[in-house]
Structures are given as C-alpha cells and as structure tokens.
Participant: 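Attaching a single structure in structure tokens format; questions to follow.
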Protein chains: 2
Amino acid sequence: MGRMTDTDAILSAAEKLLDRNGFSATSIDRLTDAAGVSSRTFYKHVGSRQALIAAILDARAKRFLAAMPRTGTDALFAALGDWFETQGANGCFFLRAAREIGEGDARAQTRLTAQKQQTLDLIGDCVASDLGRRDDALAGQILILFEGATHAAVYRGRAAVADARAAAATLLAAAHIRSGAAYA
Amino acid sequence: MGRMTDTDAILSAAEKLLDRNGFSATSIDRLTDAAGVSSRTFYKHVGSRQALIAAILDARAKRFLAAMPRTGTDALFAALGDWFETQGANGCFFLRAAREIGEGDARAQTRLTAQKQQTLDLIGDCVASDLGRRDDALAGQILILFEGATHAAVYRGRAAVADARAAAATLLAAAHIRSGAAYA
DNA sequence: ACCCATGTAAAACGATCGTTTTACATTTCA
DNA sequence: TGAAATGTAAAACGATCGTTTTACATGGGT
C-alpha cells in the first residue's frame, strides 16, 4: 500500500464507518474519533460532511471498478465475492448514499446513475468475452443477478454470491446454445 | 377499502413518507403534517417513533405477502412489477429499515430475516408449482433475481423487472430440461 | 532562538431532533 | 347542563447534530 496522507487516512476510516453503520447514524464525532484527529483538522482536510462523502464515493467507485475483471462473467462474480469478503457486504454503497443523503445533494443521484452505467458496461464486456459477441439483453439480466447478490449477501452471505454465480452460468449456457453452438 | 381508523391513517401516511424519503430524513413533524394530526394525538395513537416503525413493518410484510401469488414464477414477477407500479420502487423496505434504524432496534434485524425467509418460502412454492417438484437451489437463484429486480428497479424502472422475469424463465427452462423432460 | 504552520482539546453556535407539557377548543353523552 | 373525553396549537425539554472558534501545545526551517 502506498504512503497514506492525513486526508487519505480520514477518508478510509470514514468510508469504513459509513458503510458499516450507515450515513445518518455516523456523526462527525465518530468520524474524527475513528480517524484520530480533532474536528479542526478534519474540517481543514475534508471541508465539510458533504464534501467528505463526495470524495469517498469517487474513491470507492474507482477502487471497485479496478477490483473487477473485464473478461469472464464467472471471474466477475468471483471478484464480487472477494470484495464482500474483504470489504463487507452491506448493500450497494452508492444506492444507500443516494437514498440516505438523497434530495439534499443531487450529485449523489448523479453519481449513482454513473456508477450503475459503468457496472452495466463492465458486465457487458464480461458477457462479450464469454460469448464472442455483445448481448445487451443478457447483460441486463446479469446486472440483476449482480445487484441481487449485492443485497442478498447482506443476509445470506457467501451463498448469495454462489447462487448468482450459478445462475449466471446457466444464463450464459442458454445464450450460447441460442447462438447456434454445438451441444456439449 | 375498509373503514380507516385514525391509527391506520397515521400508519399509511407514515409508510408512504418513510418509503419515499427515508427513515432518518423523515421527522415526526413531517409525519404529523402528512397525517393531519397534532403531535399529541400522534403519540397517543402510535406510542413512539420506534413503535410506529415496528407497526408499519408488520403491516407492510402482511400486505406484501398477500399481494404475491404462490403459484407460477412468471406470475410472481408480474405481481412484483405491479407492486412497484402502485407502491413505488425504492429498494427493499425491510433491508433499508434494518440498515437505517439498525443497531438501535434489534427487532428490525429480526423482522428482516423473517421477511426474507418468508420470501424464500414464497419463491420455493412458485418454483415447485412450475416444476412439479421442490428445487431449493433454483429457488435460491430466483431469490437473487427477486432481490436484484427490487433494487435495480430504483434506477432502471420496469426494465429491471422485465429482465429478472426473462432470466427466471430461462433458469426454469434449464431446470426443467435437467429434470429429464422431453425437449420442445 | 524564534516564527509559523499545524496540531489538539474543548467550548460555543444555531438548528433540529423526539418527546412532553401547557393552555384552550370542541364534541359526546348521561 | 355539565363533566369527561378528545382534539389542536404551540411552547418547552434535553439531547445531538454539523460547524466554527478560542486557547494552547509542538516541532521543523531559516
């Protein structure tokens, strides 16, 4: 891991707390305690609560997309399982941010749609690498599985990802057959 | 619709507000304004904020399960689409309640797991009615689609349900073939 | 040695929260 | 008629929120 600036330390501690305990349930006091800084330095580094959350959303979007492969739908779900293992499974961070901060910050809504579009593109690439051609309809279905695994993992754990992974394999096989491939 | 008591009027107005605007973003003032009652009558009828939310969760669980058919997976997703059309698509109400109220009320967590178990049972019945036999593995996969449609509908609307429905049909067909049925 | 940037600890700010209470008006019914 | 019940409007409560400010310590660079 690279060198961590004060700002990065605050951001990563805050991301963990917000993800675990929720946005509105996490006060500035808790954030400063977790980061080990005073409120004065906190505000010097991040500006405001809204700015902190905006920075966290951007950083997390970049980190998440970097952690996902762009070839192989099965590898994609494996990576999603790894993500939950290391980062925790608390439902989609962006969906929760948009709903909890919501109307107050229109940018959270913008960030949500951007993130979901990027996820759909990612899935489209994985599907294309498996199928040898683009299949937008199938990508849409696998997005449902991706979203479903993300939220079912909150209460079902690893089984949610395993089920989504198996379902994706079945859908891919069916699409492959529809393509006119030889039966195994 | 049956006659509505004061308590019911408060509950249904509150449910709509909480679902639309979120739990922590909806103050008692907003709830009393929407119900058209003073805070004094509000507290006489519902006791406290926690009790209000508990009552709403129970009522909604009963109403949701009553709105879902127990035969036919395709009919199940059709009913889910109707639910979103009439009630709005804001993500799973129980998941959001458990995460937003969270640690404060352990009963919200209990209600969540109960609701999800009942949903899984519901799906198991629908799958069995289609397949002529129980298939727990397939039911788990369709639960993922159900959860995925619920949350993807927030940003994709009806397309999310349509994709989930189509994917469920493919999974069912594949399971039917695995059962040794004749190929169409 | 001294200045200045940078940090902490803690008080203070106005706002808003859930909840209770006070004061008063209206209906219900024996 | 008149008392009990039930309602509203609004003030007040202590707590907590995000944010700013005050007062003070520390350590590196010239």
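So that the names make sense, note that chain A is the first sequence line, chain B the second, and so on, each numbered from 1. In what follows, every heavy atom counts, from backbone to side chain, and hydrogens, waters and symmetry copies are set aside.
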Participant: Between D:dT6 atom P and B:Ile10 atom CD1, what is the distance in whole Å?
Facilitator: 14 Å
Participant: Is a side-chain donor or acceptor of B:Arg99 paired with a backbone partner of A:Arg20 at a separation under 3.5 angstrom?
Facilitator: yes
Participant: Going by the side-chain contact (heavy atoms from CB on, under 4.5 Å) test, name the single residue among B:Val161, B:Val154, B:Asn90 that passes it with B:Phe84.
Facilitator: B:Val161
Participant: Of all residues at least two apart in sequence or in a different chain, which pass the side chain to side chain contact (heavy atoms under 4.5 Å, CB included) check with B:Thr110?
Facilitator: none
Participant: Taking the side chain as every heavy atom from C-beta outward, state whether A:Arg133 and A:Ser179 have any atom pair closer than 4.5 Å.
Facilitator: yes
Participant: What orientation do B:His151 and A:His151 show, parallel under 30°, tilted 30 to 60°, or perpendicular over 60°?
Facilitator: parallel
Participant: With the sugar-phosphate defined as primed atoms, P, OP1 and OP2, and the base as all remaining atoms, what B/S/- string results for nucleotides 18-26 of chain D, 5' to 3', for protein heavy atoms under 4.0 Å?
Facilitator: SBBBBB---
